[in-house]
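Structure first, then comments.
FYI, the numbering just counts along the sequence from 1. These numbers come from the heavy atoms of this one structure, side chains and all, not from hydrogens, waters or symmetry mates.
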Amino acid sequence: MEAFSAHPHTALSTPQVNTVDYALATAGAQVIQRLTHKTHTHYPRTTPLKQLSRLTGLWSHQAYSAEAALMPGNEPGQCWTMEGTQGTLGIHLSQPIVIENITMEYNLNIHPTHAPRMFQVWGFKSLKDITSGRVFSFEWPWVKSNPGAVLLGTFEYQLNGPMSQAFEVSSSRYFIAHVVLVRVMSNWGNEASTSLYRLKVHGVPEERS
């Protein structure tokens with residue numbers, strides 16, 4: 001397992017607005033559910049109702065699924081919200097690419113404490129690196145070394161920056177990825193949940209690289 005960077009990268013000064021997003025769901029990218037954290041469930045705020053809601057499911061609801069992070073839109077609440085301050089989002093890109101930039105988006109006008117802060121992006125050559133035939137067999141690459149996994153970078157989303165923040169992948173070698181794993185390591189203060197409005201992956205397609 002080879003890492004591109006062990007230190008957090010700051011955002012580029014100019015977001016990559018005109019580059020192709022290979023993590024766009026409408027273009028063929030898909031969420032890998034088995035690599036994706038649990039979606040946050042909203043319960044009533046009062047303790048008696050919350051306890052009853054957890055037992056029965058009444059008055060509880062989940063907003064958008066993880067696919068929301070792969071779709072356009074940054075209206076308030078138009079995002080994927082996961083449980084807690086740490087979690088993962090697995091993405092099967094629309095096609096294999098050499099990854100050059102990652103863009104993270106959050107609507108900073110509301111609930112800034114829910115915004116992701118430190119996060120890592122891991123690349124895998126293909127789904128074969130996380131499955132064995134029809135059997136799902138996977139160890140988190142930060143727990144157990146995986147020869148098919150590459151740490152593309154450790155990044156920090158800034159509250160004092162723009163809503164859309166692009167991060168450059170400083171590659172030390174040629175690597176083509178078809179699967180991306182986003183590991184959120186912390187947020188900006190909310191212990192209950194973390195929200196991702198949009199995650200974009202930019203790069204050069206395999207046939208052009």
- Message: Restricting to non-hydrogen atoms, name the atom on Leu93 and the atom on Ala177 that form the minimum distance, rounded to 0.1 Å.
- Response: CD1-O, 3.8 Å
- Query: Between Val184 and Leu196, is any pair of side-chain heavy atoms under 4.5 Å apart?
  - Reply: yes
- Could you tell me which non-hydrogen atom of Gln78 sits nearest to which non-hydrogen atom of Pro72, and how far apart they are? NE2-O, 3.5 Å
- Message: Can you give me the closest heavy-atom contact between Ser126 and His178, atom names plus distance?
- Response: CA-CB, 4.3 Å
- Query: Between the side chains of Gln33 and Glu67, is a donor N or O closer than 3.5 angstrom to an acceptor N or O?
  - Reply: yes
- Query: Considering only heavy atoms from C-beta outward, does the side chain of Pro205 approach that of Val98 to under 4.5 Å?
  - Reply: no
- Item | Gln158 backbone acceptor or donor facing Gln165 side chain under 3.5 Å | yes
- Query: Counting distance only, does the side-chain N/O of Glu83 pair as donor-acceptor with the main-chain N or O of Lys38 below 3.5 Å?
  - Reply: no
- Message: Please report the interatomic distance NE2(His202) to OG1(Thr19), rounded to the nearest 0.5 Å.
- Response: 4.0 Å
- Message: What I'd like to find out is whether the side chain of Val169 reaches to under 4.5 Å of the side chain of Ile102, using heavy atoms alone.
- Response: yes
- Are Leu89 and Leu24 connected, step by step, through hydrophobic side chains (Ile, Leu, Val, Met, Phe, Trp, Tyr) whose heavy atoms are closer than 4.5 Å? no
- When rounded to the nearest 0.5 Å, the distance separating NZ of Lys200 from OH of Tyr22 is 13.5 Å
- Query: Would you call Val121 and Leu181 a side-chain contact if the rule is heavy atoms closer than 4.5 Å?
  - Reply: no
- Message: Would you say that more than 12 heavy atoms from the other residues, nucleotides or ligands in this model lie under 6.0 Å from the CD of Glu191, or not?
- Response: no
- Message: Between Arg198 and Met104, is the side-chain contact (heavy atoms from CB on, under 4.5 Å) condition met? List the steps.
- Response: CA-CA 6 Å; Arg198 183 82 181 272; Met104 178 75 76; over 6 Å; no
- Query: Roughly how far, to the nearest 0.5 Å, is CG of Leu127 from CD1 of Ile32?
  - Reply: 5.0 Å
- Message: Below 30° counts as parallel, above 60° as perpendicular, anything between as tilted: where do the rings of His111 and His114 land?
- Response: perpendicular
- Query: Can Leu35 and Trp140 be said to form a side-chain contact (heavy atoms from CB on, under 4.5 Å), step by step?
  - Reply: CA-CA 9 Å; Leu35 296 184; Trp140 300 117; 4.3 Å; yes
- Message: Contact between Leu199 and Thr103 at the side-chain level, heavy atoms closer than 4.5 Å - yes or no?
- Response: no
- Message: Less than 3.5 Å apart, any donor N or O on the side chain of Ser195 or Trp80 sitting next to an acceptor on the other?
- Response: no
- Message: Would you say that Ile99 contacts Val201 through its side chain, given a criterion of any heavy-atom pair below 4.5 Å between the two side chains?
- Response: yes
- Message: What's the separation between atom CZ in Phe175 and atom NZ in Lys125, rounded to the nearest 0.5 Å?
- Response: 6.0 Å
- Message: Looking at Val179, is its backbone amide N or carbonyl O close enough to the side chain of His92 to form a donor-acceptor pair, meaning the two atoms are under 3.5 Å apart?
- Response: no
- If you take all heavy atoms of Ala149 and Phe124, which pair is closest and at what distance? CB-CE2, 3.4 Å
- Query: Does Trp122 have Arg183 sitting over its ring (NZ/CZ under 6.0 Å from centre, angle to axis within 45°)?
  - Reply: no
- Item | Any donor-acceptor pair under 3.5 Å from Asn187 side chain to Ser193 backbone | yes
- Determine the minimum heavy-atom distance between Ala23 and Leu70, stating which atoms define it. O-CB, 3.2 Å
- Under 4.5 Å between any side-chain heavy atoms of Arg117 and Glu156, yes or no? yes
- Worked verdict on Phe119 versus Phe167 for ring pair (Phe, Tyr, Trp, His ring centres under 6.0 Å): CA-CA 11 Å; Phe119 66 99; Phe167 303 86; 5.5 Å; yes
- Check step by step if side-chain contact (heavy atoms from CB on, under 4.5 Å) holds for Glu75 and Asn107. CA-CA 7 Å; Glu75 294 298 317; Asn107 189 328; 5.8 Å; no
- Euclidean distance, Tyr157 OH relative to Met163 CE, rounded to 0.5 Å: 7.5 Å
- Task: Working to the nearest 0.5 Å, report the span between OG1 of Thr39 and OH of Tyr64.
- Result: 13.5 Å
- Taking every non-hydrogen atom, the tightest pair across Pro116 and Tyr106: CD-CD1, 4.1 Å
- Message: Between Thr26 and Met71, is the side-chain contact (heavy atoms from CB on, under 4.5 Å) condition met? List the steps.
- Response: CA-CA 7 Å; Thr26 54; Met71 298 289 289; 3.7 Å; yes
